[in-house]
Structures are given as C-alpha cells and as structure tokens.
Amino acid sequence: ILDRVRNTALHAKIVSAEEAAAFIKPNMNVGTSGFTPAGYPKAVPLALAKRMEKEPFQINLWTGASVGKELDGALAKVHGIKRRMPYQTNKDLRAQINNGEVQYCDLHLSESAQLARYGYMGGKIDVAIVEACAITEDGNIIPTTSMGNAASYVQTADVVIVEVNTSQPIELEGMHDVYVPLDPPHRLPIPVVKPNDHIGTPYIPCGLDKIKYIVACDIKDDVRPFGEIDENSHKISQYIIDLFHKEVKEGRLPANLLPIQSGVGNVANAVISGFVDSDFTDLSVYTEVIQDGMFDLIDAGKLSFASGTSLSPSPTGLDRFYNNIKKYRKKLLLRPQEIANSPEVARRIGIIAMNTAIECDIYGNVNSTHIMGTKMMNGIGGSGDFARNAYLTCFFTASTAKDGLISSIVPMCSHIDHTEHDVDIIVTEQGLADLRGLSPRERARVIIENCAHPDYKPMLMDYFERADKATKHAHTPHLLKEALSWHERFVETGTMKQ
Ligand code: 0RQ
C-alpha cells in the first residue's frame, strides 16, 4: 500500500489490523464508512471481532446503511454490538434486534450524519474507521465504492483509522463529490440542481494529524448476486413503464422523465431492466445505490448520468464495472448520503421515487420495515427521504407473501413508515393504483380493485364496505376491532385467509 499512502511521513502509521483494533474500547461510538456491502472497512472489524471473542465487550456501531459480513456479520456473531444505526440487513443482527439484545435506531438515511455531528446519538464519535483507495499528500482520504456517512464521521471523530484496500481500483479516484453541509443556523442551500453537478471535493478532508493508524486490506466488497427476474417483478416493471409513457403523453413528465431513484433488490433491478428494454432515452438517475441495471442502461446508450452514494452491483456486475471503469466512471458519481438522499435536492430536481413495501393498506399507507407490526426487517433506509419529497412517489410489492398466506394489501398497516399523504402510486403484479388527487374512500376502491390478489379482494371489499357503513361514510372508514385482525389471524393460524 506504500504507493497509495502518498505522504511518506504517514508510512510510520501503518500497523496490523490487530494493533488498530486494540485501540477500540468497550462502549465506544464507532462510525464507519460503508453503504450496502460496498466501501466498508473489513480487516479492522474482523480483528476486533476476534478480540471480542476472547474478551467479550460491545461497541455502538454507526455506519452509512447495511454493510458486509466482515463488519455487521462478524461483530453480531460475537455479540459485539450494543447500539446500531441507521440501517442493517444482516440476519444475525436482525435476530438480536428482535430479541432485545441490540438497541437499533432506524433512521432516515439523510438525517443520520447530522444527528451524529450534533452528538444526538449517545455522544460523539470516538473513532471513525474508513475504507480508502488512497491517502493524499495532505492526509485526505480517497474513498472507495461508497460514500455513506464517512465524511461526517471523519469530521466528527477525534481519531481516524484508515483501511487502504488494494482490491479497490485506484481509478475510483475522481468518482466522489464530498460535500458536508454546515449545520443550522449557518446552513446554505445545497447547490445541486442536476444529477451531474459537482459541488465538493474528490476526497474526504481529514488531515495528517487525525489519522492514527493505517491498515492494509485486500478483501473485496461482499457483494451478492441478484435472483432471476421473476414474473411478478417483470409485471410490476411493465405497469410502471406504461404509467411513465402515459405521463409523458399527457405532459406531466418530460420525454426523458425526471431523475430516477430506485431502491435495492430484485424488484428494483427488474424495473431498471425494464427501462433498458423501453424506448426511453437520455435518462438520469439520482439515487442511493447504483446496481447492475445502471451499467445496462449505460451500455444501451440510455443513461446520461447517475448520482448515488454507493456502487453495489452483483459479483459479475462488480467485475464488469472494474473491467470497464474508464467508460463507466464518466457517467457515475458518489456523494455523501446526506446529499444523495437530501430531501431538499429531491424536491428541487423532482425525483421519481420507486421503493419496495412490505405491505400497503387500503388507504395508501405503507409499511416498509416491520413484519406483523413488531419484528424489524431491515429499516426505513432512504425510502422516506425520497417518498415524502419526490415529484412522483411509487411503491412496489407483490400482492401476497409467504406463498399466498399473507396479503400485502391489508385493511390497516401493522406499522406505518410512509403515510397516505406521501404515496402517489402503488403497484403489485395485479396492477397499478394511481392515488393522486383521490380521497381515502376513493383510494380504497382503486387499491383493492387494481392491486389486491383475487384471493383477498372480496375480503378487503367486504371490510371496506362494512367499515364505510358502520362509520356512516367517515373520511377514513375503519372497524377498529377488526383493522388488525388479519395480522392477528396470521400470527395465530399461519394464514390471513378466513
Ligand atoms: O421474507 O426472506 O423470510 O421469505 O419479507 O421480501 O419479497 O424478498 O422483497 O428483498 O425486495 O425486500 C421491503 C423488506 C422488501 C426491502 C423490503 C417478507 C418476505 C421475505 C423480503 P423471507 P422480498 P425484498 C433502498 C430504499 C425498506 C428500505 C428501502 C426493504 C422478506 O425493500 O427493506 O426501501 N425496504 N430503502 O417473505 C410479512 C408481508 C411481507 C413479508 C414480504 N406483507 N408480510 N412478510 N415479506 N412481504 C435501500 C436503502 O435505503 C439502503
């Protein structure tokens, strides 16, 4: 790594992962780089987990979003996490969140850096651990495949540990735009008006003195393969592309649409693939996570630019990116999640937000986080940042889950992340409900008619009609004793069916 640590005076700070991990003390607030399994530190967390195995203790872990197995996975396995924020997807960690062991603070991703800078998250950050491509002559950090909250954690922490990862190509340098807003009352407008606007520096400002240790690492990002695009995802993609055609025809969207934001996972990937097969061109993207579909759009000549905070393709997608980095880097930019997910920017540039729901209710409220109202799945992630502030807010879900035993369209959501006021469009494999301008009672009929599975449609319509009658056509008709009875039935009998 000597050539990547450009100031020779810093070479004296290069130590083993074990030595760097020894700096971390029980109950420290540790802020790391990383957003999805991209750009997170790996060697130091693995060494820390080994140490925790021998002398059990816990830390508070703050990241950008979910991270790879070497961080959340390794630390959860040794029960090393006491508090966690702002998003996770790890199986062991999820189990510990749901058995009371880990205190999880599930946050809008755009807000987490600000909360950390203000010291709301249980004090200040004691140490930032950041993955880097290189360290400049002045001690500034060139990030790797994600930006996440790394810049704010470096700014806030007294001590910075840098993991220089040689598996990350040096050509990533120049793909980042680092901008940390001032905090109120000094904050100024974030000057992004187009997805390709550069407003900051290509490195994380740090300085020579703050860097305590530098560790070499060659472990690759733990990216995961996508599933085959299933029939349901394909249908959802078709419905949304049809809607965009209609919106363009009716003059509500420009011919090249507005900047697209798309969540992660198989449905999101299917929707982006749908664009590849469509006749839309000159598309732009302002999102969190850049996945394989974006490379397809670039290759098809349909993407003008994509801004995100993380590059998290499948393993083959990552190879494809590394092998063609000179071509792709012209069209891609990584920003801190505070900027990629900024509500201010989303509202200004008029994002089309597309995220996945766990369940939606008949009035258009959306649950993105909780299973049966109680168990945390992953977290709200960036979905709320975009949903409230987008020009057009869409949510996708299959109409049923668990082989049809669960209806994803329910009388009342068992937990609400996105309210009826935020949601414009709901799409399932059954069809699309356009809720714009409708009252709750109108919305109920459209959602049940267009989105519910035929097995549940009569039950939902029966519920709605009885509630409408019992409340004498109240604004939002509900039978309070029955509203969550579908979830109760599933918990008790293993099916929502009667
Ligand atoms: O559980 O794996 O045990 O079978 O939920 O569901 O259908 O595989 O869908 O992987 O795309 O995840 C909302 C969780 C969807 C995700 C969610 C069960 C289902 C399965 C997963 P099993 P699928 P996906 C971008 C923006 C919130 C954050 C967000 C998510 C599991 O997209 O976390 O959007 N989003 N951020 O069986 C009970 C239902 C269910 C259900 C599905 N109605 N009831 N269980 N499941 N529907 C990302 C970031 O911000 C970083």
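Remember, it's 1-based here, ligands and their atoms both numbered in the order they're listed. For the single chain, residues carry numbers from 1 onward in sequence order. Keep in mind that what you see is a predicted model, and the values were worked out from it rather than measured.
Looking at residues two or more places apart in sequence or on another chain, you find no ring pair (Phe, Tyr, Trp, His ring centres under 6.0 Å) involving His487.
Less than 4.0 angstrom separates some heavy atom of Gly263 from each of these atoms of ligand 1: 25 (C). Contact atoms of ligand 1 toward Gly381: 50 (O) (distance under 4.0 Å to a heavy atom of the residue). Shown in contact with Ser408 at under 4.0 Å from a heavy atom are these atoms of ligand 1, numbered in order with element: 43 (N). The ligand atoms of ligand 1 that sit less than 4.0 angstrom from a heavy atom of Leu109 are 50 (O).
Residue Ile380 touches ligand 1 through its backbone alone, judged by heavy-atom distances below 4.0 Å. Heavy atoms from both the backbone and the side chain of Thr356 come within less than 4.0 Å of ligand 1. Counting heavy atoms closer than 4.0 Å to ligand 1, residue Val264 contributes atoms from both its backbone and its side chain.
Between Gln114 and Tyr120, the closest side-chain pair of non-hydrogen atoms is not below 4.5 Å. Using a 4.5 Å cut-off on side-chain heavy atoms (C-beta onward), Ser146 and Ser312 make no contact.
Checking atom 20 (C) of ligand 1 against the protein gives no heavy-atom contact under 4.0 Å. Atom 14 (C) of ligand 1 lies below 4.0 Å from at least one non-hydrogen atom of the protein. Within 4.0 Å of atom 2 (O) of ligand 1, not a single protein heavy atom is present. Protein heavy atoms are absent from the space less than 4.0 angstrom from atom 6 (O) of ligand 1. In this structure, atom 32 (O) of ligand 1 has protein heavy atoms in its sub-4.0 angstrom surroundings. Within the 4.0 angstrom cut-off, atom 37 (O) of ligand 1 has one or more protein heavy-atom neighbours.
Around the NZ atom of Lys220, the shell of radius 6.0 Å holds no more than 12 heavy atoms that belong to other residues, nucleotides or ligands. Within 6.0 Å of CG on Asp183 lie more than 12 heavy atoms contributed by other residues, nucleotides or ligands.
Partner of Lys42 under the side chain to side chain donor-acceptor pair (under 3.5 Å) criterion, chosen from Glu131, Glu70, Glu163: Glu131.
Annotation: atom 47 (N) of ligand 1 to nearest protein heavy atom, Ile358 O, 3.4 Å. Scanning the protein for heavy atoms near atom 26 (C) of ligand 1, the closest one is Asn355 OD1, 3.4 Å. Among all protein heavy atoms, the one lying closest to atom 27 (C) of ligand 1 is Gly379 O, 3.2 Å. Atom 42 (C) of ligand 1 has as its closest protein heavy atom Ala401 CB, 3.9 Å. If you check which protein heavy atom lies closest to atom 45 (N) of ligand 1, you get Ile371 CD1, 3.4 Å. For atom 22 (P) of ligand 1, the nearest protein heavy atom (residue, atom name, distance) is Lys402 NZ, 3.3 Å. Ranking protein heavy atoms by distance to atom 16 (C) of ligand 1, first place goes to Asn378 ND2, 4.0 Å. Of all protein heavy atoms, the one lying nearest to atom 49 (C) of ligand 1 is Glu288 OE1, 2.9 Å.
Of all the heavy atoms in Ser368 and Asp417, the pair that sits closest is N-OD2, 2.7 Å. In terms of heavy-atom proximity, Met377 sits nearest to Ile358 at CB-CD1, 3.9 Å.
The shell of residues lying under 4.0 angstrom from ligand 1, judged by heavy atoms, excludes Val267. Ligand 1 has no atom lying under 4.0 Å from any heavy atom of Ser66.
With a 6.0 Å cutoff to the six-membered ring centre and a 45° limit on the axis angle, Lys331 does not count as a cation-pi contact of Tyr328.
One distance of note links CG of Asp177 with OG1 of Thr309; it measures 11.0 Å at 0.5 Å rounding.
Under 3.5 Å, the side chains of Ser112 and Asn149 contain a donor-acceptor pair of N or O atoms. Side-chain contact annotation: Thr316 with Asp319, donor-acceptor N/O pair under 3.5 Å absent. Defined by atom type and a distance below 3.5 Å, a donor-acceptor pair is missing between the side-chain atoms of Glu288 and Ser310.
Distances between N or O atoms of Ile406 and those of ligand 1 include no value under 3.5 Å.
Listed by first and then second residue, the salt bridge (Lys or Arg N to Asp or Glu O under 4.0 Å) pairs involving residues 84-103 are Asp72-Arg84, Lys77-Asp92 (not counting sequence neighbours).
Between His478 and Tyr463, the angle of the ring planes lies from 30° to 60°, which puts this pair in the tilted group.
The nearest non-hydrogen atom to atom 35 (N) of ligand 1, considering only Gly227, Ser368, Ala268, comes from Ser368.
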